[in-house]
Amino acid sequence: MYRDMTCGEPRRTDTGKTITLAGWVHRRRDHGGLTFIDLRDFSGLMQIVFNEDSAPEAHTIAGDLRSEWVVQVKGVVQERRAGADNPDLPTGEIELLATDITVLNRSETPPFEIEDDQNIADETRLRYRFIDLRRPRMYKNLKLRHDVVQVARDYMCSHGFLEIETPILLKSTPEGARDYVVPSRVHPGSFYALPQSPQQLKQILMVSGVDRYFQFAHCFRDEDLRADRQPEHTQLDFEMSFVEQDDVLEVLEELYTKLVHETRPDLEVPSPFPRMTYAEAIERYGSDKPDLRFGMEVSRLTDIVSGSGFGVFESVAASGGAVRAIVAPGCAGYTRRQTDELVEFVRSSGAQGLIPMHISADAASLDTATLDDIRSPIKNHVSLETLKEMAAASGAAPGDLMLIIAGPERVVNVAISNLRAEMGKRLELADPGVFSFAFVVDFPLFEWDDDRNGWAAMHHVFSAPRPQDVGLLDSDPGAVLGQLYDLVLNGVELGSGSIRIVDRAVQEKVFGIIGHSPEDVEERFGQLLRAFQYGAPPHGGMGLGLDRIVMLLANEDNIREVIAFPKTQAAVDPLFDAPGPITQEQLRELSIRVVEAGG
RNA sequence: GGCCCCGUGGUGUAGCGGUCCAACACGCCGCCCUGUCAAGGCGGAGAUCGGCAGUUCGAAUCUGCUCGGGGUCGCCA
């Protein structure tokens, strides 16, 4: 045994005990004849005292210690001298008076200090991740992640779900994201693909009679990274037989409420989780993952301004686009510089521009407002009457700032919803102590894909249409709504799921609409369809991002903070320097020739 | 693929055309110190300013390209 206790463990009640501790030298304070060491491990800090008089040998060794050396210290727990307590430390009432010390290992000077709230470049942190993870904040995040998994697993197990592993090496079924592929040595020219999700496998398990399955599934997608997106992430993936949509949502609500309560008891979780259709979410928030902690709903001004005489509005309206706005309450006093910043912000969200409209707080009311009360680049192009109509439709009042975006519907929605989130942040409208979950339901089953010039599955090809919409499959695919649902939290999409198609005829229609040839279907989905021929139970399920919920629970704004070994934006691991080349020998075995290195 | 931001000793920053062969803080090294806990005092080492090419009498400072990092739009069934 190297130690009797961990560094953060001893308390006043241990006074008088002789114990041995082990850990890293966090800091040394050398006073000559008296030397202090803060000894650190995952559990915390313990002050060790080396006294030249009482333990000369140990004191001498202590003088040579450096940051991050690994040591073992034996000594007596004693209360600190009066007035020498450190109320910031859980162990601050006591200290260990060392009698012996053994240096277990030396350390290079670390590239950065083991302290929270340091602003170190991400790449440096990742290159020295082993040191980065020593920071209490990072350990806390790892622990939180562990706790979340633990609670989720307990819940699933106690509700009849069977945890089953599915293969990582499987087959490419191109559709959706790009695959990560792995060459086969045994079958030259053939490749495995890493799963983007265990979708087909879990559905096959339902056909197998498993009834309820879950897994913490690693999912791989070779797409560009974001603050909340890594090329490999973990999903809490589950599937249930003999269920309808409401049954699944019930499980979700119970699970996530429990998750938050048990890992962050300080947070408030409004219940029941509100349900909102996709159409409603887009109309009210411009987004299918709205942050419901604050209002600031998005209004639609297209009809009001279509005949306004202002060229931008008229042409947007004429081409089927949208003019939408939000109201920043009490922000009429925003300076040109502030609104310019917002213009820059919406441009980075893809919009052409942003039209601010300040309504002076001096106006007694919107009705009595005059042109002098309005400050906006469009005030000389649009009649006062129309300006007032716009304000009224948006719910703006004197003292408010209207922010208007015009353009193609989708572009406007992306930009205005991002702007809403940004203003919510700037005005601190969202209560950080609230976790506001929501179910977004009734997504369209198909969305139009301009590149392919055809319909694509909004979620995936096995998602079922609503029973009442099956008839529309032939006549109007775009109008078909699916038994599709998302779980959303504070403006972040946590996961998507659906009730699956088990009706052969419906499945074939869906394939037809998406334009898969029979050969395509066989190649990609043959195994699942074959399984379905042998008695598929009604079933549905969900895939939920584990990293994202942990990120939110940890109050982090980047997913890398809750993943032990994440990748940089260029999908590189700076610690391992991955990806990297392989040897000629390996290439030969795999029958692979690199044609254009780095090209 | 597009757009935006960043790149100065180990770390984080300042400097934004000559006064900079670069400043400050922390860290590091040495000496002193028996009650500190971001210990303190004194002394010291350490970067040619991501790379390349230009502009200029002169560049860390301006321009172009390039590499790396971050954010974002597209993309992510």
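In what follows, every heavy atom counts, from backbone to side chain, and hydrogens, waters and symmetry copies are set aside.
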Checklist entry - With the sugar-phosphate defined as primed atoms, P, OP1 and OP2, and the base as all remaining atoms, what B/S/- string results for nucleotides 38-45 of chain B, 5' to 3', for protein heavy atoms under 4.0 Å? => result SB------
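- Remark: F42(A) pairs with Y139(A) by the ring-ring contact (aromatic ring centres under 6.0 Å, His included) rule, at least two apart or across chains.
- The C1' atoms of rG17(B) and rG74(B) are separated by 40 Å, rounded to the nearest whole Å.
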Could you list all N or O pairs between the protein and nucleotides 10-12 of chain B that sit under 3.5 Å apart?
residue: rG10(B); atom: O2'; partner: P111(A); partner atom: O; Å: 2.8
residue: rU11(B); atom: O4'; partner: P111(A); partner atom: O; Å: 3.1
residue: rG12(B); atom: OP1; partner: A121(A); partner atom: N; Å: 2.8

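- In this structure, CG of D224(A) is placed 15 Å from C1' of rG69(B), rounded to the nearest angstrom.
- Side-chain atoms of D122(A) lie closest to rG70(B) of the nucleotides rU36(B), rC73(B), rG70(B).
- With sequence neighbours left out, D132(A) forms a salt bridge (Lys or Arg N to Asp or Glu O under 4.0 Å) with R125(A), R129(A), R135(A).
- Comparing the same atom, C1', in rA23(B) and in rU36(B) gives a spacing of 31 Å after rounding to whole Å.
- Across all strands shown, E422(A) has no heavy atoms under 4.0 Å from either base or sugar-phosphate atoms.
- A donor N or O paired with an acceptor N or O is found under 3.5 Å between the base of rC37(B) and the side-chain atoms of R80(A).
- Backbone-only engagement by R66(A) is indicated by non-hydrogen atom pairs under 4.0 Å involving sugar-phosphate atoms exclusively.
- Counting to the nearest Å, the C1' atom of rC73(B) and the CD atom of E223(A) are 14 Å from each other.
- Aromatic rings from W69(A) and W24(A) are positioned such that their centres are separated by 6.0 Å or more.
- Spacing between rC3(B) and rG9(B) at atom P, rounded to whole Å, works out to 29 Å.
- Shown here are the salt bridge (Lys or Arg N to Asp or Glu O under 4.0 Å) partners of E447(A), two or more places apart in sequence or in another chain: there are none.
- Across all strands shown, rC3(B) pairs with rG71(B); the Watson-Crick or G-U wobble distances both stay below 3.5 Å.
- In this structure K74(A) satisfies the salt bridge (Lys or Arg N to Asp or Glu O under 4.0 Å) test with no other residue, sequence neighbours excluded.
- The separation between I48(A) atom CD1 and rG35(B) atom C1' is 15 Å, rounded to whole Å.
- The main-chain N or O of N413(A) is found under 3.5 Å from a side-chain atom of S417(A) such that the two form a donor-acceptor pair.
- Look at rC42(B): its Watson-Crick or wobble partner, with both distances under 3.5 angstrom, is rG30(B).
- Across all strands, A84(A) comes closer than 4.0 Å to base atoms (heavy-atom distances).
- Between rC75(B), rG69(B), rC37(B), one nucleotide has an atom nearer to the side chain of E123(A) than all others, and that is rG69(B).
- Taking atom C1' on both rG27(B) and rG10(B), the two are 7 Å apart, rounded to the nearest angstrom.
- Using a 4.0 Å heavy-atom cutoff across all strands shown, A415(A) reaches no nucleic acid atom at all.
- Residues meeting the salt bridge (Lys or Arg N to Asp or Glu O under 4.0 Å) test with K171(A), sequence neighbours left out: E523(A).
- Annotation: rU61(B) and rC20(B) have their C1' atoms spaced 11 Å apart (nearest Å).
- Rounded to whole Å, atom P of rC37(B) lies 14 Å from atom CZ of R81(A).
- Among the nucleotides rG70(B), rC75(B), rC28(B), the one closest to any side-chain atom of R226(A) is rC75(B).
- The interatomic distance linking L225(A) (CG) with rC73(B) (P) rounds to 14 Å, in whole Å.
- Across every strand in view, rC52(B) sits in a pair with rG64(B) that passes the Watson-Crick or G-U test at under 3.5 angstrom.
- Distance noted for atom C1' between rG1(B) and rA59(B): 34 Å (whole Å).
- The residue S67(A) sits close only to the backbone: its heavy atoms come under 4.0 Å of sugar-phosphate atoms, none of a base.
- For D451(A) and N558(A), each mapped to the nucleotide of RNA chain B holding its nearest heavy atom, the one lying further toward the 5' end belongs to N558(A).
- Checked against rG71(B), rU36(B), rG74(B), the side chain of R560(A) finds its nearest nucleotide in rG71(B).
- If you take CD of Q569(A) and C1' of rG2(B), they are 13 Å apart, rounded to a whole angstrom.
- Going from the P atom of rU66(B) to that of rC26(B) covers 41 Å, rounded to whole Å.
- Residues from residues 493-502 of chain A placing a heavy atom under 4.0 Å of any atom in RNA chain B do not occur.
- Taking the six-membered ring for Trp and the full ring otherwise, the centers of Y278(A) and F443(A) sit less than 6.0 Å from each other.
- Rounded to an integer number of Å, the gap from CG of N413(A) to C1' of rG74(B) is 16 Å.
- Under the side chain to side chain donor-acceptor pair (under 3.5 Å) criterion, S498(A) pairs with S463(A), R500(A), not counting sequence neighbours.
- Aromatic ring centroids of F36(A) and F50(A) lie 6.0 Å or more apart.
- Atom P of rU56(B) sits at a distance of 34 Å from the matching atom of rG69(B), rounded to the whole Å.
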Pairs under 3.5 angstrom only: tabulate donor-acceptor contacts from the side chains of residues 342-355 of chain A to other protein residues two or more places apart or in another chain.
residue: R347(A); atom: NE; partner: Q352(A); partner atom: O; Å: 3.0
residue: S348(A); atom: OG; partner: F345(A); partner atom: O; Å: 2.7
residue: S349(A); atom: OG; partner: N418(A); partner atom: ND2; Å: 2.9

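- Salt-bridge annotation for E113(A) and R27(A): present, with a side-chain N of the basic residue lying under 4.0 Å from a carboxylate O of the acidic one.
- Taking atom CZ on F50(A) and atom P on rG35(B), their separation rounds to 17 Å, with Å as the unit.
- Of the residues near RNA chain B, D85(A) and T109(A), the one whose nearest nucleotide (by heavy atom distance) lies more toward the 5' end is T109(A).
- Applying the salt bridge (charged side-chain N to carboxylate O under 4.0 Å, His left out) test to every pair with at least one member in residues 86-98 of chain A, sequence neighbours left out, gives these pairs: R12(A)-E93(A).
- Listed by chain and number, the residues in a side chain to side chain contact (heavy atoms under 4.5 Å, CB included) with D442(A) are T277(A), R466(A), L481(A) (sequence neighbours excluded).
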